[in-house]
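Worksheet: the structure to be examined is printed underneath.
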Protein chains: 2
Amino acid sequence: MFRMNIRETLSANLKRYRRERGVSQEELAHLAEIDRTYISSLERCQYAASIEVVDRLAKALEVQAADLLKSLD
Amino acid sequence: MFRMNIRETLSANLKRYRRERGVSQEELAHLAEIDRTYISSLERCQYAASIEVVDRLAKALEVQAADLLKSLD
DNA sequence: TTGTGACTTCCAGTCCGTC
DNA sequence: CGACGGACTGGAAGTCACA
């Protein structure tokens, strides 16, 4: 009945991997060289990130870019 | 030695799935409701697409968004 | 059938904050 | 530590004509 959209999927994966790694938004921001407030925005589904941002986040979290878009059915 | 960047990965997956399905850029454009020339641009790695564009292309090709970002090592 | 250049619009993404 | 605001810039998003 309810299906997550792609922003929500990214948000959920991002939060999950970030917490698994035990890093704060700010630390992740530094690792991925992305603005701190922007990561906060992504976790709140405010923007549709580009694949380059997804890729940098993936590298910082040591996963594949594809992993951040995997749907959680 | 040589590693594909994320734009090239998307481009390769896009071409591969599109040809597997036997659809032209124009047909895919119609299915995904994206301009044909924009799809052409993505296959030539001109832009870093947003995850929403990736998601629409994935649905049109009947795959997961994550599949379009899977690296081909 | 696809590539390309030129163009415009609008949002992704940055940087400064406060709470 | 994270949510949230405003102001700003560059690049993605989208369209067209033509090769």
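We use all heavy atoms of the structure for the numbers below, so side chains are in, but hydrogens, waters and symmetry mates are not. Chain letters run A, B, ... following the sequence lines, proteins first and then strands; every chain starts at 1. Note that the structure is predicted; figures quoted are calculated from it, not measured.
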Applying the 4.5 Å side-chain criterion to the ILVMFWY set and letting contacts propagate, would Ile39(B) and Leu31(B) be lumped into a single cluster? no
Please step through side-chain contact (heavy atoms from CB on, under 4.5 Å) for the pair Leu57(A) and Leu68(A), ending with a clear verdict. CA-CA 9 Å; Leu57(A) 290 167; Leu68(A) 293 181; 4.0 Å; yes
Send over the distance from Leu28(B) CG to dG14(D) P, rounded to a whole Å. 14 Å
So, do Leu28(B) and Arg21(B) sit near enough that their side-chain heavy atoms are less than 4.5 Å apart? no
Does Gln46(A), at its CD atom, have more than 12 non-hydrogen atoms belonging to other residues, nucleotides or ligands within less than 6.0 Å? yes
Mark yes when over 12 heavy atoms from residues, nucleotides or ligands other than Glu20(B) sit less than 6.0 Å from its CD; otherwise mark no. yes
Would you classify Arg19(B) as touching base, sugar-phosphate or nothing, given that sugar-phosphate means primed atoms plus P, OP1 and OP2, and contacts are heavy atoms under 4.0 Å? nothing
Would you find more than 12 non-hydrogen atoms of other residues, nucleotides or ligands less than 6.0 Å from Glu8(A) atom CD? yes
Rounded to the nearest Å, what distance is computed from the CD atom of residue Gln46(A) to the P atom of nucleotide dG2(D)? 16 Å
Which nucleotide in the set dC4(D), dA12(D), dG2(D) lies at the smallest distance from any side-chain heavy atom of Arg44(A)? dC4(D)
Sidechain-backbone polar pair: Asn13(A) side chain, Thr9(A) backbone, donor-acceptor under 3.5 Å: yes
Whether Ser40(A) contacts dA3(D) is assessed here as follows: a side-chain N or O lying under 4.0 Å from the phosphate OP1 or OP2. Is that the case? yes
Round to a whole Å and report the spacing from CD of Glu27(B) to C1' of dT1(C). 10 Å
I want to check one thing: is the phosphate of dA12(D), taken as OP1 and OP2, less than 4.0 Å away from some side-chain N or O of Ser50(B)? no
Return the value, rounded to whole Å, for the distance between atom OH of Tyr38(A) and atom C1' of dA7(D). 17 Å
At less than 4.0 Å, is any side-chain N or O atom of Arg7(B) found next to OP1 or OP2 of dG11(D)? Yes or no. no
Send over the distance from Leu10(A) CG to dA12(C) C1', rounded to a whole Å. 13 Å
Check every strand shown and say whether Ile34(B) touches a base, only sugar-phosphate, or nothing at a heavy-atom separation below 4.0 Å. nothing
Rounded distance (Å) that lies between atom C1' of dA3(D) and atom CD1 of Ile39(A): 14 Å
side-chain contact (heavy atoms from CB on, under 4.5 Å) for Leu69(A) and Gln64(B)? Distances and angles first, verdict last. CA-CA 8 Å; Leu69(A) 293 193; Gln64(B) 302 275 352; over 6 Å; no
Candidates dG13(C), dT2(C), dA12(D) - which lies nearest the side chain of Val53(A): dG13(C)
Measuring from the side chain of Gln25(A) (C-beta onward, heavy atoms only), which nucleotide among dG3(C), dG13(C), dA3(D) has the closest atom? dA3(D)
Can you give me the N/O atom pairs linking the protein to nucleotides 16-19 of chain C at distances under 3.5 Å, or say none if there are none?
| residue | atom | partner | partner atom | Å |
| --- | --- | --- | --- | --- |
| dG17(C) | O6 | Arg36(A) | NH2 | 3.2 |

After noting the C-alpha distance and the side-chain angles of Arg18(B) and Glu43(B), does the key distance pass the salt bridge (Lys or Arg N to Asp or Glu O under 4.0 Å) rule? CA-CA 11 Å; Arg18(B) 183 171 66 75; Glu43(B) 289 196 357; 2.8 Å; yes
Axis deviation across the helix from dT2(C)-dA19(D) to dC19(C)-dG2(D), five-pair ends, to the nearest 10°: 50°
When you measure from the side chain of Ser41(A) to the backbone of Thr37(A), do you find a donor-acceptor pair of N or O atoms at a distance under 3.5 Å? yes
Please state how far atom CD in Glu43(B) lies from atom P in dT4(C), giving the value in whole angstrom units. 12 Å
Side-chain contact check for Arg56(B): nearest option of dA3(D), dG13(C), dG14(D) is dG14(D)
Can you measure Glu52(A) atom CD to dG11(D) atom P for me and round it to whole angstrom units? 10 Å
